[in-house]
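Values below: all heavy atoms of this structure, side chains included; hydrogens, waters and symmetry mates excluded.
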Amino acid sequence: MALPRYNDIVELLKKGATIEAQEKIMELRESALELQEENINLKNQVLELQERVRKLEAFEGEPCPKCRKPAWVVESSKPDRQFGRLGGIRREYKCTECGFTESQLVTPK
C-alpha cells in the first residue's frame with residue numbers, strides 16, 4: 001500500500017472530503033508509529049552488537065583448543081624441571097570459559 005502524499009490530502013480537503021483526508025492522515029500516523037518502533041528495535045540491536053564487540057575487543061585471550069572461545073590464557077610460567085637449564089619454560093594454560101587446562105613446553109628461539 002502506497003502512503004498518501006501531502007498534496008493528496010490537501011486536494012481531498014479542498015474538495016470537502018474531510019473524512020477521506022482524516023483516513024489518509026491516520027494512515028500516515030500509523031506508518032510513522034511503525035517506523036518509530038522499527039527504529040527503536042534497530043537501535044537496541046545496534047547497542048547489543050556494540051556491547052558484544054566491546055566485550056570481544058576487551059578480552060585478549062587466544063581461542064581455546066576445546067571450546068574455541070577466546071578465553072585461553074596462561075595460568076603460570078616457570079622453568080621446566082628437565083629443560084629449564086637449556087631455557088625451556090613450562091607454561092600452564094587454562095580456558096576461563098570451559099575450564100580446560102593444558103601444559104606446554106616452550107623453548108627459546
Side-chain angles (χ1 to χ4, degrees):
M1 174 176 85
L3 290 176
R5 297 180 326 197
Y6 173 77
N7 291 340
D8 296 337
I9 295 171
V10 170
E11 286 302 315
L12 286 171
L13 289 172
K14 284 181 182 177
K15 293 178 186 176
T18 56
I19 293 175
E20 291 86 354
Q22 288 176 348
E23 288 173 354
K24 299 291 183 186
I25 292 170
M26 289 304 296
E27 287 177 29
L28 287 173
R29 286 184 178 163
E30 287 175 15
S31 178
L33 289 173
E34 289 171 6
L35 289 172
Q36 285 178 340
E37 185 177 335
E38 186 177 343
N39 187 30
I40 290 169
N41 290 337
L42 289 172
K43 284 182 178 182
N44 287 336
Q45 286 179 9
V46 166
L47 289 174
E48 288 173 14
L49 290 172
Q50 286 175 335
E51 179 62 18
R52 287 176 62 187
V53 167
R54 187 192 63 74
K55 284 181 181 178
L56 288 172
E57 287 177 343
F59 197 86
E60 296 184 15
E62 294 182 29
C64 170
K66 184 176 179 184
C67 72
R68 306 305 301 160
K69 292 183 180 174
W72 194 238
V73 294
V74 176
E75 283 279 298
S76 67
S77 182
K78 58 187 172 188
D80 186 70
R81 287 188 207 174
Q82 281 187 318
F83 301 106
R85 292 183 197 167
L86 302 172
I89 300 203
R90 178 66 53 185
R91 288 194 180 145
E92 301 292 329
Y93 291 87
K94 182 175 183 178
C95 177
T96 57
E97 288 289 325
C98 71
F100 179 71
T101 59
E102 186 174 81
S103 177
Q104 187 177 42
L105 177 64
V106 179
T107 56
K109 296 181 181 186

Do Leu86 and Thr107 have side chains that get closer than 4.5 Å, going by heavy atoms?
-> no

Residues two or more places apart in sequence or in another chain: which of them pass side chain to side chain contact (heavy atoms under 4.5 Å, CB included) with Gln36?
-> Leu33

Side-chain polar contacts of residues 14-22 - donor-acceptor pairs under 3.5 angstrom, sequence neighbours left out - could you list them?
none

Criterion side-chain contact (heavy atoms from CB on, under 4.5 Å) on Gln50 and Leu47, from CA distance to verdict | CA-CA 5 Å; Gln50 286 175 335; Leu47 289 174; 3.7 Å; yes

Non-neighbouring partners of Glu97 that pass side chain to side chain contact (heavy atoms under 4.5 Å, CB included), sequence neighbours left out = Cys67, Lys69, Ala71, Cys95

Side chain to side chain contact (heavy atoms under 4.5 Å, CB included) involving Ile40 - partner list, sequence neighbours excluded = Asn44

Sequence neighbours excluded, which residues qualify as salt bridge (Lys or Arg N to Asp or Glu O under 4.0 Å) partners of Glu92?
-> none

Provide the closest heavy-atom pair for Thr101 versus Lys94 in the form atom of the first, atom of the second, distance.
-> CG2-CG, 3.7 Å

Hey, could you give me the CG/CD distance between Leu42 and Glu37, rounded to the nearest 0.5 Å?
-> 11.0 Å

Please name all residues satisfying side chain to side chain contact (heavy atoms under 4.5 Å, CB included) with Ala32, sequence neighbours left out, ordered by chain then number.
-> none

CD of Gln82 to CZ of Arg90: how many Å apart, nearest 0.5 Å?
-> 8.5 Å

Say whether Phe100 and Val74 are linked into one hydrophobic cluster, either directly or through other cluster members, by side-chain heavy-atom distances under 4.5 angstrom.
-> yes

Given the rule that I, L, V, M, F, W and Y join up when any side-chain heavy atoms are under 4.5 Å apart, are Leu28 and Leu13 in one cluster?
-> yes

Around Glu38, counting heavy atoms of other residues, nucleotides and ligands shown, do more than 12 lie under 6.0 Å from its CD?
-> no

Correct closest heavy-atom pair for Ile89 and Ser77 would be CG2-OG, 3.2 Å

